[in-house]
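To start, the structure itself, in C-alpha cells.
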2 protein chains.
Amino acid sequence: MDTTQLLKGVLDLACLAALRDEDGYGYDILRRLRTAGLTEVGDASVYGTLRRLFNAGLLTTYVVPSDEGPHRKYYALNPAGRAELQRSGKVWHGFASTMDDLLRERETA
Amino acid sequence: MDTTQLLKGVLDLACLAALRDEDGYGYDILRRLRTAGLTEVGDASVYGTLRRLFNAGLLTTYVVPSDEGPHRKYYALNPAGRAELQRSGKVWHGFASTMDDLLRERETA
DNA sequence: CACACTACTTCGCGATGCGAAGTAGTGTCA
DNA sequence: TGACACTACTTCGCATCGCGAAGTAGTGTG
C-alpha cells in the first residue's frame, strides 16, 4: 500500500491538472507534481503518462530549444484535454467521497 | 480512466474498512462495497484481495456452513489488520487531499 | 576531466483489478 | 424432470500502469 498503487489511474488526472494553468514540459511537470505533494512520483511515469495523454488526443506538443540545457518538449491541454480534466476530476471526487464514506462508516444503523 | 484504475491499491483499504464493524464472507463484502458506491467492483477482485490480505497476516478466517447455499468463508480483522486499516486510512487521506489541492490549484501566486 | 544537473527515451518487471469459465449448493417454475 | 437463477468460491490468463535502471545528450562547475 505505498503511494505507487494509489497513483494508478490518477496520474493522468494529476498531469492534466498540472497543465491547466500553464503549458509545461516533462521535467517541469515532474517538479510541479513533486512540489504539490506527490513526492514519490517517478520520472519515467510522468514522461510515459504525458505520451499516453498525447496519443489519446488530449494534449498538443511543441519543442522549444533551451540555451541552458537540452531541448524541452512542451505539452499543452487542448479542448479535449480540458473536457477530460473536468470529467475525470468529477469521477475522482465521486470516488474519493465514496471512499471517505466507507472509511467513516460505523454501524450506520 | 474508469474506476478500475482508481481502485488500484485502494481495494485493500476498502475491504479492510468493510470488515471493521463486522466479520464477513467474500460474497457479502462484495455486496457491501457495491452498496457503498463501488458499483463496478469485480467479484474476482474482492476474493483475490481477501486472500491477499489473509496471506499478509491481516485477517483471520473461518468457514461456516449455510443451509441456504454453499458454505461461507468468513474473514475477520485481527490486530494487525486494524493497525493496517488505521495506517492506510491515513495514507489515503493524505493522498486524497494532495490530489484535491492539485485539482483546486489556480495560479496560487 | 570528472561530475552534477537538466531533459528525454527505451526496456522489462511487478502489482493488481478484471472477465470468463468452472464447480457446487439451493430454490423456483414450467 | 429439467432449465434457470442466485449464492459462493476458485483458477486462469490478460491488460493497465507506475517504476527503476540504463542510456543519450546538452550545459555548466570544480
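We name chains A, B, ... by the order of the sequence lines, and we start the count at 1 in each one.
Atom CZ of A:Arg34 is separated from atom P of D:dG18 by 14 Å (rounded to the nearest Å). Distance CG (B:Leu6) to C1' (C:dC18): 15 Å, rounded to an integer number of Å. Nucleotide C:dG17 holds its P atom 7 Å from the CG atom of B:Leu7, rounded to whole Å. We find that CG of B:Leu13 is positioned 16 Å from C1' of C:dG17, with the value rounded to whole Å. Going from atom CZ of A:Phe95 over to atom C1' of C:dG17 covers 12 Å, rounded to whole Å. With rounding to whole Å, B:Leu38 atom CG is found 12 Å from C:dG17 atom P.
Residue-level contact check: B:Leu11 touches the backbone only, with heavy atoms under 4.0 Å from sugar-phosphate atoms and none from bases.
Contact of the B:Leu85 side chain with the B:Leu58 side chain is not registered, since no non-hydrogen atoms from C-beta on lie closer than 4.5 Å. The closest side-chain heavy-atom distance from A:Asp12 to A:Ser88 is not below 4.5 Å. Using a 4.5 Å heavy-atom threshold, the side chains of B:Asp28 and B:Arg72 count as separate.
Residues satisfying the side chain to side chain contact (heavy atoms under 4.5 Å, CB included) criterion with A:Ala96, sequence neighbours excluded, are A:Trp92, B:Trp92. Scored by the ring-ring contact (aromatic ring centres under 6.0 Å, His included) test, A:Tyr27 finds no partners at all (sequence neighbours excluded).
B:Arg52 has a side-chain polar atom (N or O) that falls below the 4.0 Å cut-off from OP1 or OP2 of C:dG17.
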Report summary line: Scoring nucleotides 1-13 of chain C by protein non-hydrogen atoms under 4.0 Å (B base, S sugar-phosphate only, - none) yields -----BBBBB---
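Considering A:Ile29, A:Asp23, A:Leu19 as possible partners of A:Tyr74, the one that fulfils the side-chain contact (heavy atoms from CB on, under 4.5 Å) test is A:Asp23.
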